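Data first, discussion second: the structure below is written as structure tokens.
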Amino acid sequence: MYSGSGFSSWEIGDVDVFIDEKGMHHLFHLIIPNHDYIAHAVSKDGLSWKRVKNALFVGDPGEWDDDMLWTMHVSTNSDGEGYEMYYTGLKRKDKGIMQKVGRAVSPDLIHWTKENKYNLPLKSEAPYYESRDNNPREWLSFRDPYKYQFEGEDYLLICARSAVGPTYRRGCIGVAKRGEKGFVLEKPLHIAYVYDDIECPCVVEIKGIHYLLGSIREDIKVRYWFSPDFKGEYHAFHNNVLLPQGNYAARIVKDGDHFLIYNFYFVGGNVNTHRVIPPPKQLDVDSNDGRLLLKTYHHWRTLYQRTIHQRNLPVPVPILGNPSANFVVENENRWRIGCRSGYEVFCFEKPSNNFVWEGKLAVEGMGKTGFVIECDEEGTAYYISIDFVNGFVQFRAWGFNEKDVKNNFVFENIQTNQFEIVESKEIYFKIIRYGNYYELSVNEIVKLTLLDFKYSDGKIGIYVCSSIISLNDSKIHVLPEPENEYATSDPNKSFEEFTKITQV
């Protein structure tokens, strides 16, 4: 994972990841609140990062980008060898009203030179988009470029605003096509008619379907739309949330046969709090109706240090003293846990601070159940609620609040999502705990992905309330400690460090 923290714990802005021909992951991200340069970090596995030479800085006074740099996208250079970065720039003279899109090039992803051609920098203009003469908010959204090649042509997707419509519903995914004279604005690729902005747009084609992604400021979620044709009419499923609340600025990158999705996470759901780049997830498509699905990153399996099967796990112990609760080992790979009235939490010592716990969880009746992580002797813990009746999963912090005797409890719902209900009331779960990162998959689909720092030590287990559950064929894979690197100590050595990493 990666934080990038310096004086502030929320310096990371929007992100973009490029994977080179050697498999090295290159992370480019904004530095906020100053927005004065674009940072660069590298990773061999997409989990542990090291800062290297910063990519771009704001321009000198009078240049088109002399105020701030905003979101970028890095790809191979369409003109031949090397790489290009399309990025957002602001000019001091414009006082933040006008956002423009420009370009830089690099032979090695380390050394970048600004090179505006192709009719760049590009700005928001009529007739399709808002302009200085049509500016109801008094600032023009035209940022977050994403280059996409389709049928041999280059396109830029842009977070833009439609020229018509209610002020707070004009957010659209704009598009510009590169022709003989450079990029020319075309009509929006998609207007949702509901959001103020659709930030960090990107597109990917999977199994013949084009999927548009956008980050939504209104609810801090990543949503998507689909079309059989890149320039076709885009539609939404009944639930088009791809990444649940707190995840933002998602971008897609191809990794061999996989499509990875990277983003940053708002810890606490507030834009001015700690921001961390969590491990990536993989994109897949539902075979029935073409919905996008999130899958666990394939690289986790390569980190397993050892595997402990259920028969070798410690026997869970009840901690609340509920007399109506019971626990039975039915066979070496099946536990049966019940509680007729009220709650009980059955916990055991986790074999490692970092782990992947997977198996089958089934419930009888309509009671409550789920998992606990970092649980103390009084039940203070993270609770992962599994609602088998309504199809909800929820990650919450629940426990004792020692700082306020008049409100001596913590009960914070951190993230919620839905899963498809199955008649058997049995799921295959996978829980990842890696540092302060938590991920839950239900039936191989990632439903919760978040970071939180309230609790960091304790036991793991299962809670029950007026229910009987069984845990079957579970196992815990031990993971190593995460490597965290905030900044290169000597900036003059950044290229040297990068060379060492790429040669490993």
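Sequence positions, counted from 1, serve as the residue numbers for this chain. Quantities reported herein were computed from a predicted structural model and do not represent experimental measurements.
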Next on the checklist: Checking D286 now: which residues fulfil salt bridge (Lys or Arg N to Asp or Glu O under 4.0 Å) with it, not counting sequence neighbours?
Outcome noted: R291

Item to check | Side chains of I384 and I431 in contact at under 4.5 Å (non-hydrogen atoms) | outcome: yes

Checklist entry - Which of parallel (below 30°), tilted (30 to 60°) and perpendicular (above 60°) describes H26 and F18? => result tilted

Item to check | Donor + acceptor pair across side chains of Y128, E186 (<3.5 Å) | outcome: no

Checklist entry - Just by distance, with hydrogens left out, do Y248 and E199 show a side-chain donor and acceptor under 3.5 Å apart? => result yes

Item to check | Aromatic plane relationship, Y297 with W300 - under 30° parallel, 30 to 60° tilted, over 60° perpendicular | outcome: perpendicular

Next on the checklist: Is the terminal nitrogen or CZ of K254 (NZ for Lys, CZ for Arg) located under 6.0 angstrom from the six-membered ring centre of F259 and within 45° of that ring's axis?
Outcome noted: yes

Next on the checklist: Using the rule given for salt bridge (Lys or Arg N to Asp or Glu O under 4.0 Å), can you reason through K350 versus E374, listing the C-alpha separation, both sets of side-chain angles and the distance that settles it, and then say yes or no?
Outcome noted: CA-CA 9 Å; K350 55 180 182 279; E374 321 303 351; 2.9 Å; yes

Checklist entry - S106 and H111: side-chain donor and acceptor closer than 3.5 Å? => result no

Next on the checklist: Between F230 and Y155 (judged by ring centroids, cut-off 6.0 Å), do the two rings come close enough to count as a pair?
Outcome noted: yes

Item to check | Aromatic ring proximity, centroids under 6.0 angstrom, F264 and H29 | outcome: no

Item to check | Pair F429 + W357: ring centers closer than 6.0 Å | outcome: yes

Next on the checklist: For the residue pair T296 / K430, report whether a side-chain donor-acceptor contact shorter than 3.5 Å exists.
Outcome noted: no

Next on the checklist: Going by side chain to side chain donor-acceptor pair (under 3.5 Å), name the residues that satisfy it together with N135, two or more places apart in sequence or in a different chain.
Outcome noted: none

Checklist entry - Y265 and Y437: aromatic ring centres closer than 6.0 Å? => result no

Checklist outcome for this item: Residues at least two apart in sequence or cross-chain that pass side chain to side chain donor-acceptor pair (under 3.5 Å) with K295, listed by chain then number, are D284

Item to check | Salt bridge flag under 4.0 Å for residues D67 and K93 | outcome: no

Checklist entry - Taking the inter-plane angle between the rings of F237 and Y224 on a 0 to 90° scale, is it parallel (under 30°), tilted (30 to 60°) or perpendicular (over 60°)? => result tilted

Checklist entry - Run the side chain to side chain donor-acceptor pair (under 3.5 Å) check on S43 and D45 step by step: do they pass? => result CA-CA 6 Å; S43 172; D45 57 11; 3.0 Å; yes

Next on the checklist: I'd like to know whether D197 forms a salt bridge (Lys or Arg N to Asp or Glu O under 4.0 Å) with R137, so could you lay out the CA-CA distance, the side-chain angles of the two residues, the decisive distance to 0.1 Å, and finally the verdict.
Outcome noted: CA-CA 12 Å; D197 277 319; R137 295 187 313 178; 3.3 Å; yes

Next on the checklist: Minimum heavy-atom separation for R143 and I158, please, with both atom names.
Outcome noted: O-CG2, 3.3 Å

Checklist entry - Taking it one step at a time, do Q245 and D219 satisfy side chain to side chain donor-acceptor pair (under 3.5 Å)? => result CA-CA 7 Å; Q245 192 168 49; D219 57 8; over 6 Å; no

Checklist entry - Are side-chain heavy atoms of K454 and Y382 found at a separation under 4.5 Å? => result yes

Checklist entry - Can you name the closest pair of heavy atoms from D20 and K22 and give their distance? => result OD1-N, 2.9 Å

